[in-house]
Amino acid sequence: MSYDLIIIGAGPGGYVCAIRAAQLGMKVAVVEMRKTLGGTCLNIGCIPSKALLYASEMFEEAGHGMAPLGVLVAAPKLDLAAMMKHKDDTVAANVNGVAFLFKKNKIDSVTGEGCIAAPGKVVIKGEDGNEKTLEAKAIVIATGSDVAQLPGVEIDEKTVVSSTGALRLPKVPKRLIVVGAGVIGLELGSVWRRLGAEVTVVEFLDRILPGMDGEVAKQFHHMLEKQGFAFHLGHKVAKVEKAAGAVKATVEPVAGGGAKTIDADIVLVAIGRRPYTQNLGLEALGVAIDRGLVVVNSHFATNVPGVYAIGDVTRGPMLAHKAEDEGVALAEILAGEAGHVNYDAIPSVVYTSPEIASVGKSEEDLKSEGVAYKVGRFPFTANGRARAMRHTDGFVKILADAATDRVLGVHIVGFGAGELIAEAVVLMEFGGSAEDLARTCHAHPTMSEAIKEAAMAVDKRAIHV
Ligand SMILES: Cc1cc2nc3c(=O)[nH]c(=O)nc-3n(C[C@H](O)[C@H](O)[C@H](O)COP(=O)(O)OP(=O)(O)OC[C@H]3O[C@@H](n4cnc5c(N)ncnc54)[C@H](O)[C@@H]3O)c2cc1C
């Protein structure tokens with residue numbers, strides 16, 4: 001069988017690329033070794049984690065958050081099996097949705113492990129061991145990423161789990177150790193803390209959320225401590241010992257000094273993800289790899305003609321929407337159009353409580369790049385809607401170029417930050433200034449008024465502080 005395009009991997013990069021390519025008239029096949037479509041994101045990533053984050057937040061709200069609003073709820077009881085069913089149903093609806101879209105767009109879905117035998121040739125090994133070969137003018141590697149392992153610590157997905165195991169624990173652990181204070185660790189740590197676990201986070205660096213704006217990370221660290229998280233920053237996990245359904249982790253200060261042990265029921269290893277390129281035949285094909293990532297040019301082409309790569313397996317942030325946008329751009333480039341991704345305007349959201357959302361440069365980035373900038377801040381304590389909802393934690397911070405006023409970065413800690421960031425992304429996509437935002441009418445009372453006020457604060461003319 002011969003195609004215009006074969007895509008290996010049906011995650012957000014691969015499946016979106018397939019749909020856009022089919023819309024543009026290409027004959028497309030997608031090879032996926034998982035039984036369901038949607039990749040990490042829909043099966044074991046973004047979607048199940050958000051289902052549990054929402055459900056656990058409702059549980060916590062019902063337990064502690066509603067009495068000041070005059071809503072008295074009897075002590076809520078947890079039905080973990082029902083919460084997990086909500087998560088599984090959400091996943092099923094999403095992965096089945098992709099299968100429907102494939103049918104609608106006449107995309108052939110092939111189940112099995114794909115290997116690029118030669119340019120234009122993909123060999124697919126089915127579960128039964130049988131192989132078949134498909135041919136195409138272009139091949140896209142969209143094989144995503146896998147859990148990064150902690151050397152010397154074996155993940156059994158029972159007592160020592162990755163994010164995948166942490167999404168399906170059969171009961172609430174009494175004590176949970178999270179190794180890594182990145183997005184995934186803090187999100188899943190939040191789920192289990194809200195459901196009753198004592199959560200201790202061990203992080204190698206001396207801060208949480210590496211890469212995020214430092215001021216945002218510092219304030220959020222205090223908020224998490226208030227919620228009951230315990231942190232060992234600047235510590236590394238030297239050893240994890242399992243004994244009779246429990247675990248003992250030995251942690252050591254990175255700077256040297258005395259080791260200590262922490263007992264727990266579950267250890268979640270969340271130190272990051274690594275690009276997945278196993279068994280793809282890339283070495284034999286001569287595809288250039290750099291620190292595990294498939295090397296591509298600005299048109300997503302590898303060094304081997306006819307072979308392309310998108311998503312987590314290539315450079316850039318490991319985010320579903322980055323993979324999707326690359327999928328669309330590549331399909332358009334292959335169809336002779338001008339596909340493009342603006343890497344300076346990719347938002348990033350932490351779905352904790354409160355949420356954190358950011359786009360563009362942090363203050364640390366601007367300092368290290370030697371860019372002169374102005375800062376405007378506005379706290380949610382001064383926002384009427386936030387007060388009305390009792391969601392006054394957090395603030396908006398806008399970084400604008402000192403000379404041109406162009407917005408270079410927006411950082412939000414607060415209720416609904418993940419939705420609020422969208423207007424900042426649109427503004428940055430259009431190269432807008434803080435004054436553009438400040439002069440844009442925002443509905444009252446809304447949380448988004450804090451963005452307008454932060455933009456006004458860039459020019460020291462915020463009204464409500
Ligand atoms: C717990 C968790 C929460 C997350 N939350 C978010 C979030 O809220 N927002 C966000 O933007 N991102 C989130 N992410 C990251 C997001 O899931 C990834 O960035 C995204 O899935 C990457 O898409 P992709 O298409 O590049 O690869 P993937 O989604 O990893 O898909 C790759 C697919 O390729 C398949 N595959 C690999 N090799 C082969 C082969 N040889 N043959 C056939 N098939 C193959 C795999 O089975 C997989 O299904 C989260 C990740 C995790 C783990």
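Remember, it's 1-based here, ligands and their atoms both numbered in the order they're listed. All values derive from a computational prediction rather than experimental measurement.
Considering backbone and side-chain atoms alike, Ile44 places every N or O at 3.5 Å or more from each N or O of ligand 1. Looking at ligand 1, you won't find any N or O of Ser163 less than 3.5 Å from one of its N or O atoms. Backbone and side-chain nitrogen or oxygen atoms of Leu319 are examined, and one is located within less than 3.5 angstrom of a nitrogen or oxygen of ligand 1. For ligand 1, none of its N or O atoms has an N or O atom of Tyr351 under 3.5 Å away. Considering backbone and side-chain N/O of Glu187, none are found under 3.5 Å from N/O of ligand 1. Looking at Ile8 next to ligand 1, no N or O pair under 3.5 Å apart turns up.
Tested against Val410, the residues Ile421, Asp213, Leu420 include a single side chain to side chain contact (heavy atoms under 4.5 Å, CB included) partner, Ile421. Exactly one of Val30, Thr143, Ile139 qualifies for a side chain to side chain contact (heavy atoms under 4.5 Å, CB included) with Ile7. That residue is Val30.
Of the candidates Ala142, Ala320, Ser348, Gly45, the one placing a heavy atom closest to atom 12 (N) of ligand 1 is Ala320. Between Met33, Lys35, Lys50, it is Lys50 that holds the heavy atom closest to atom 5 (N) of ligand 1.
Residue contacts with ligand 1 do not include Lys322, since none of its heavy atoms lies under 4.0 Å from the ligand. Residue-ligand proximity: Leu167 is placed with every non-hydrogen atom at 4.0 Å or more from ligand 1. Proximity of Gly112 to ligand 1 is established by a heavy-atom distance of less than 4.0 Å.
Within 6.0 Å of CD on Glu135 lie more than 12 heavy atoms contributed by other residues, nucleotides or ligands. For Arg406, the CZ atom is loosely surrounded, since the number of other residues' heavy atoms within 6.0 Å does not exceed 12. Around the OH atom of Tyr54, the shell of radius 6.0 Å holds no more than 12 heavy atoms that belong to other residues, nucleotides or ligands. Atom NZ of Lys248 sits in a sparse spot, with 12 or fewer heavy atoms from other residues, nucleotides or ligands closer than 6.0 Å.
Nearest non-hydrogen protein atom to atom 23 (O) of ligand 1 is Pro12 CD, 3.3 Å. For atom 46 (C) of ligand 1, the closest non-hydrogen atom of the protein is Glu32 OE2, 3.4 Å. Of all protein heavy atoms, the one lying nearest to atom 53 (C) of ligand 1 is Arg273 NH1, 3.4 Å. With hydrogens left out, the protein atom closest to atom 16 (C) of ligand 1 is Cys46 SG, 3.8 Å, a heavy atom.
His391 and Phe415 have parallel rings, their planes meeting at less than 30° on a 0 to 90° scale where 60° marks the start of perpendicular.
Residue Ile184 touches ligand 1 through its side chain alone, judged by heavy-atom distances below 4.0 Å.
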